[in-house]
Peer 1: 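Okay, handing you the structure first.
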Amino acid sequence: MKIPQHVAIILDGNGRWAKSKGMPRNYGHTVGAKNVETVCKAAHDMGIKYLTMYAFSTENWNRPEGEVAALMKLLESYLKNCIKTADKNNMRVRVIGDTTRLSARFQKQIVELEAASAKNDGLNLQIAINYGSRDEMIRAMKKMCQDMENGSRQVSELNEDMFASYLDTAGIPDPDLLIRTSGEQRLSNYLLWQLAYSEFYFTDVPWPDFGKEELEKAVEAYNKRDRRFGGLAEEAK
């Protein structure tokens, strides 16, 4: 079975999962956060090299203030504990998104986590926090324009590779497979540039219930796709 090198996941359904059990939405987010390590281990065991998870979008700030505060607290707690987890599992962790809106303490935790795990050569985990693809591309264009203005870049150099080097995912291969849990079938402003040639897999299973078996189902479905680039099936290239 062919294993995708990079899998991106939209972690959806935490709140609805909790509500179905008569629990508050924040309970679902807590259980969902615990499930990250389970899926990371399953991905590593399968041979997946990169895993990118959508944890908090730029649009999530529009949720009720109490829910946003709880999510921020949960994410801070997760990243604090993630240093030990990354060391134990030889996992490199990076955060993508505009971190400038996060608290100074949170930003410091991100810097410490990325530095502590930088030399690990197992699974590469990217966590998208305050991430929105349109925001990412605008930030990338601003940086690129600044470099052109100061002369370190020329307009004639502009191509896909150059633009991609300004994105949050610079140096990380584009996802082969996108998974979205809990039944929704939309991208929600996630990795719009990077997902241009990815396969999509949608499942009704909510994120807290998405474990090893569900990941295997997604990869099996990926293997049944007739991958085409420029109109030619991948196996025929």
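This structure is a prediction, so every number in the text was calculated from the model and none was measured.
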Peer 1: Closer than 3.5 angstrom, by distance alone: can the side chain of N189 be matched with the main-chain N or O of S133 as a donor-acceptor pair?
Peer 2: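 Present.
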
Peer 1: Are any side-chain N or O atoms of S117 and backbone N or O atoms of N120, one a donor and one an acceptor, separated by less than 3.5 Å?
Peer 2: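 Side chain of S117 to backbone of N120: no pair is present.
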
Peer 1: Can you hop from M72 to V93 via hydrophobic side chains spaced under 4.5 Å?
Peer 2: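 The answer is yes; both residues are in one hydrophobic cluster.
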
Peer 1: For the CD atom on E216, are there more than 12 heavy atoms of other groups (residues, nucleotides or ligands in this structure) within a distance under 6.0 Å?
Peer 2: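 Yes.
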
Peer 1: Please walk me through it: do L51 and Q126 pass side chain to side chain contact (heavy atoms under 4.5 Å, CB included)?
Peer 2: CA-CA 6 Å; L51 194 62; Q126 292 72 234; 5.7 Å; no

Peer 1: Do you know which two heavy atoms are closest between V31 and P208, and how far apart they sit?
Peer 2: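 Nearest pair, atom of V31 first, then P208: CG1-CB, 3.9 Å.
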
Peer 1: Minimum heavy-atom separation for C82 to M91, with atom names?
Peer 2: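 Heavy-atom minimum between the residues: SG-CE, 4.4 Å.
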
Peer 1: Without swapping roles, check the side chain of N223 against the backbone of V219 for a donor-acceptor pair under 3.5 Å.
Peer 2: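 Pair found, side chain donor or acceptor close to backbone of V219.
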
Peer 1: Can you name the closest pair of heavy atoms from Q107 and L102 and give their distance?
Peer 2: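 Heavy atoms of Q107 and L102 come nearest at NE2-O, 2.8 Å.
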
Peer 1: If only atom types and distance count, is the side chain of W207 paired as donor or acceptor with the main-chain N or O of G32 below 3.5 Å?
Peer 2: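 Yes; judged by distance alone, with no hydrogens or angles, the pair exists.
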
Peer 1: Sort out for me which residue in V7, L191, T52 forms a side-chain contact (heavy atoms from CB on, under 4.5 Å) with P175.
Peer 2: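 Single pass found, and it is L191.
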
Peer 1: Mind running side-chain hydrogen bond (donor to acceptor under 3.5 Å, both in side chains) on T58 and R101 for me, showing each step along the way?
Peer 2: CA-CA 10 Å; T58 50; R101 187 171 177 178; over 6 Å; no

Peer 1: Verify salt bridge (Lys or Arg N to Asp or Glu O under 4.0 Å) between E220 and K2, making sure each step is shown before the conclusion.
Peer 2: CA-CA 9 Å; E220 287 171 4; K2 185 175 181 179; over 6 Å; no

Peer 1: Do I48 and L195 belong to the same hydrophobic cluster, where Ile, Leu, Val, Met, Phe, Trp and Tyr are linked whenever their side-chain heavy atoms lie under 4.5 Å apart, directly or via other members?
Peer 2: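 No; tracing contacts between hydrophobic side chains, which count when under 4.5 Å, never links both residues.
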
Peer 1: Does any part of the side chain of D135, heavy atoms only, come nearer than 4.5 Å to the side chain of D98, both counted from C-beta?
Peer 2: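 A side-chain contact under 4.5 Å exists here.
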
Peer 1: Would you say Y50 and Y222 are hydrophobically clustered, going by side-chain heavy atoms of ILVMFWY under 4.5 Å?
Peer 2: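 No; Y222 is not reachable from Y50 via cluster members.
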
Peer 1: If only atom types and distance count, is the side chain of R225 paired as donor or acceptor with the main-chain N or O of F200 below 3.5 Å?
Peer 2: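 Flag set: sc R225 to bb F200 pair under 3.5 Å.
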
Peer 1: Charged N to carboxylate O under 4.0 angstrom, E214 versus K217?
Peer 2: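 Salt bridge present between E214 and K217.
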
Peer 1: Under a 3.5 Å distance rule, please check whether Y190 uses its side chain to pair with a backbone N or O of A8 as donor and acceptor.
Peer 2: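 Not at all, since once roles are kept as given, no pair shorter than 3.5 Å links the two residues.
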
Peer 1: Apply salt bridge (Lys or Arg N to Asp or Glu O under 4.0 Å) to residues D168 and R139 and explain how you reach the verdict.
Peer 2: CA-CA 9 Å; D168 296 346; R139 286 187 285 108; 2.8 Å; yes

Peer 1: Decide yes or no on side-chain hydrogen bond (donor to acceptor under 3.5 Å, both in side chains) for R94 and N124, but give the supporting numbers first.
Peer 2: CA-CA 8 Å; R94 282 168 280 193; N124 289 268; 2.9 Å; yes

Peer 1: Regarding Y166 and D147, do their side chains bring together a donor and an acceptor under 3.5 Å, going by distance alone?
Peer 2: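 There is such a pair between these side chains.
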
Peer 1: Check the pair D87 / K84 against side chain to side chain contact (heavy atoms under 4.5 Å, CB included), numbers first and verdict last.
Peer 2: CA-CA 5 Å; D87 183 58; K84 292 181 180 179; 5.8 Å; no

Peer 1: For F210 and T38: C-alpha separation, side-chain torsions, deciding distance, then whether side chain to side chain contact (heavy atoms under 4.5 Å, CB included) applies.
Peer 2: CA-CA 9 Å; F210 188 93; T38 298; over 6 Å; no

Peer 1: Please report the shortest heavy-atom distance between I127 and L79, naming the atom on each side.
Peer 2: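 Reported closest heavy-atom pair: CD1-CD2, 3.8 Å.
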
Peer 1: Report yes or no: does N26 contribute a side-chain atom to a donor-acceptor pair with the main-chain N or O of A70 at less than 3.5 Å?
Peer 2: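 A pair under 3.5 Å: no.
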
Peer 1: Establish, from distance only, whether the side-chain atoms of W17 and D209 form a donor-acceptor pair under 3.5 Å.
Peer 2: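 Their side chains do contain a donor-acceptor pair, which is all the 3.5 Å distance test asks for.
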
Peer 1: Are M141 and M162 connected into the same hydrophobic cluster when the rule is that any two of I, L, V, M, F, W, Y join if their side-chain heavy atoms are below 4.5 Å apart?
Peer 2: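 As far as the 4.5 Å side-chain criterion goes, M141 and M162 are connected within one cluster.
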
Peer 1: Okay, side chain of S57, backbone of E59: is any donor-acceptor separation there less than 3.5 Å?
Peer 2: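 Yes, because the side chain of S57 sits within donor-acceptor range (under 3.5 Å) of the backbone of E59.
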
Peer 1: Testing the basics here: between N60 and A55, what is the closest heavy-atom pair and its distance to 0.1 Å?
Peer 2: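 Shortest heavy-atom contact: OD1-O, 4.3 Å.
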
Peer 1: Checking N150 side chain against Q146 main chain: does a donor-acceptor pair fall under 3.5 Å?
Peer 2: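 Checked: pair present.
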
Peer 1: Examine distances only and state if a side-chain atom of D176 and a backbone atom of Q5 form a donor-acceptor pair shorter than 3.5 Å.
Peer 2: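 Checked: pair present.
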
Peer 1: Are K49 and H6 close enough that some pair of their side-chain heavy atoms sits under 4.5 Å apart?
Peer 2: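 Of all side-chain heavy-atom pairs linking H6 with K49, none is under 4.5 Å.
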
Peer 1: Verify whether one side chain among R180 and T203 offers a donor that lies under 3.5 Å from an acceptor in the other.
Peer 2: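 Note: R180 and T203 side chains miss the donor-acceptor criterion.
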
Peer 1: Testing the 3.5 Å rule here: is there a donor-acceptor pair between the side chains of Q194 and E136?
Peer 2: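 Their side chains do contain a donor-acceptor pair, which is all the 3.5 Å distance test asks for.
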
Peer 1: For the residue pair R134 and W193, would you count it as a cation-pi contact if the rule is NZ or CZ under 6.0 angstrom from the ring centre and within 45 degrees of the ring axis?
Peer 2: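 Negative - R134 is either too far from the ring of W193 or too far off its axis.
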
Peer 1: Does E67 form a side chain to side chain contact (heavy atoms under 4.5 Å, CB included) with R25? I'd like the steps, not just the answer.
Peer 2: CA-CA 8 Å; E67 184 176 353; R25 288 177 60 86; 3.1 Å; yes

Peer 1: Membership question, hydrophobic clusters at under 4.5 Å side-chain separation (ILVMFWY): are L74 and I83 in the same one?
Peer 2: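 No; tracing contacts between hydrophobic side chains, which count when under 4.5 Å, never links both residues.
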
Peer 1: Specify the closest pair of heavy atoms between S165 and R153, including all atoms of both residues, with the distance to one decimal.
Peer 2: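 Where S165 meets R153 most closely, the heavy atoms are OG-NH2, 3.9 Å.
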
Peer 1: How far apart are the C-alpha atoms of E199 and K224, what are their side-chain angles, what is the distance that settles it, and do they pass the salt bridge (Lys or Arg N to Asp or Glu O under 4.0 Å) test?
Peer 2: CA-CA 11 Å; E199 296 291 338; K224 294 176 182 178; over 6 Å; no

